[in-house]
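Note: hydrogens, waters and symmetry copies are ignored here, and every other heavy atom, side chains too, is used. Within every chain, numbering begins at 1; the chains are lettered A, B, ... in the order of the sequence lines, protein sequences first and strands thereafter. Remember, it's a predicted structure, so these values are computed and weren't measured experimentally.
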Amino acid sequence: MAKLQPVRGTHDILPKESIQRRHITDQARNIAARYCFDEINTPIFEFTEVFQRTLGDTSDIVSKEMYTFEDRSGASLTLRPENTAGVARALISGGLSQSLPLKFFYSGPMFRYERPQKGRLRQFHQLGVELLGVSEPIGDVEVISLGAQILSSFDILKKTTLEINTLGDKASRLAYSEAIKSYFSNYESSLSKDSILRLSKNPLRILDSKEECDIEIIKNAPNMNNFLNEYSRDFFKYVCDGLNNLGITFSLNSKLVRGLDYYNHTAFEFTTNELGAQSAVLAGGRYDGLVEAMGGSSIPGVGWAAGLERISLLFRDEVIASRPISVIPIGVTAETEGLKLANELRASGFTIDIAYRGNLSKRMKRANKVNSYAAIIIGDDELNKKTATLRNLDTGEQQEIKIDKISETMEHIFPKTLKSQHNDS
RNA sequence: GCGGGCGUAGCUCAGUUGGUUAGAGCACCUGAUUGUGGUUCAGGGGGUCGUGGGUUCAAUUCCCAUCGCUCGCCCCA
């Protein structure tokens, strides 16, 4: 339809899907809370610099995927393409570094100007965690285990594979980067266009390439392991041992480099092959240099982000929608009484839908359509007797109840579990 | 940014080798049932056939362009 459409790569999240989304974020937030990660909310836009400086000019995100615009004062702003930079900025601008270590959970929309496809949108949603101020590898282990726990709670951990790698510390990474650079320089004429560019800007990224011509050359490239210094090697060993200790299975993937410049040491991805071209469900790593690069003091960090849409695609269980009680007034006086009654019941915790229009039959149909488990009918007969007719829509049983005692009576007839059955997520 | 596939009712889709008023199922509305839902039956509304142009006596159908969706490349959650 050439009518009003949402902007490309954006979607309306209708009630049915919203219920599922809320369930996912609520559950993730609760589990993160058990690890003592507290929720943080940062603005969805920042000064462009915040992302430019931290993600690195060579990253695809900065070079071609950011939603950047000028506001009325001429400042360059950018819709956040990810949230780690925003959290790091909050840490610096809020002076939070006084109370390290800090553990944050977040969820919300992110924006990247990409070609939409399955599991990839221009406005998408991530939830994630950041652990700041812990340079020890135990932090990596806990953060990864939190991710595994969350995936497991949706019963989708089994659909994923945890891949991990180490990029080493700064010194190791630098040494390796040099070696890679000189190795690939020998084959410059055979490399893909992208990789030739990477050669000067960010040689490690060549290892990530999926181009036929590159893959041949990558096979014999120097291995990171040979360039790790002792500290980096011990660090990674601790992480691997830690995961084994917790019974978290993983596979080593030395090609796992990660797109963003600020990563060092541990890099990991929970991947799946059930999402078409997109494989990463939850991914992250350690970013010890980030806060400093942004102008703060040297504060280490490790964290991950998960794609809500991707989790949602894997997590197919129907989340049960709410079941209300329908209040069905017939006649003007009954409507007045019905509104009062509905509000009283809502105040005591019941979920009430009012059937607005039509004769009794129509309003009963409405009650059935919204899946009510009971109907409270008020008409002239009832008004005269100051009662209401309560009909159980599952059994068809019907009884008269006194209007002035309706809340207590209802609480008595319907147990708490029924009353709030949809409010538990 | 680059490639492939697809655009017919709110949804899922049929259809036309170019030819009167374009179909089905589901959904929606009305009635059978003026105070009793789910099932059933009868009827009804809803389409500029994505948009613009071209070819033709005639285009939803063929051609071109464009927009959108979708899948993939790249990259990422």
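Residue-level contact check: A/Ile378 touches neither bases nor backbone, having no heavy atom under 4.0 Å from any strand. Note on A/Arg366: nothing from the nucleic acid sits closer than 4.0 angstrom, heavy atoms only. Residue-level contact check: A/Gly284 touches neither bases nor backbone, having no heavy atom under 4.0 Å from any strand. Residue contacts for A/Ser279: at a heavy-atom cut-off of 4.0 Å it reaches a base atom on one of the strands shown. Within 4.0 Å (heavy atoms only), A/Leu282 reaches sugar-phosphate atoms of the nucleic acid but no base atom. Counting non-hydrogen atoms under 4.0 angstrom, A/Ala305 reaches the backbone sugars and phosphates but no base. Nucleic acid contact for A/Gly128: none, since no nucleic acid atom lies under 4.0 Å from a heavy atom of the residue. Contact annotation for A/Ile311: no contact, since no heavy-atom pair falls under 4.0 Å across all strands. Nucleic acid contact for A/Arg391: base, since at least one base atom lies under 4.0 Å from a heavy atom of the residue.
An OP1 or OP2 oxygen of B/G31 is reached within less than 4.0 angstrom by a side-chain nitrogen or oxygen of A/Lys362. Distances shown here put every side-chain N or O of A/Ser361 at or beyond 4.0 Å from the OP1 or OP2 atom of B/U36. OP1 or OP2 of B/C71 has not a single side-chain nitrogen or oxygen of A/Gln117 nearer than 4.0 Å.
Enclosure of atom CG in A/Leu252 by more than 12 non-hydrogen atoms of other residues, nucleotides or ligands within 6.0 angstrom is indicated.
The distance from atom CZ of A/Arg8 to atom P of B/U70 is 8 Å, rounded to the nearest whole Å. The nearest whole Å value for the distance from the CD atom in A/Glu382 to the C1' atom in B/G35 is 8 Å.
Nucleotide B/G38: unpaired (no Watson-Crick or G-U wobble partner with both distances less than 3.5 Å).
A ring-centre distance under 6.0 Å is not found for A/Phe268 and A/Phe250.
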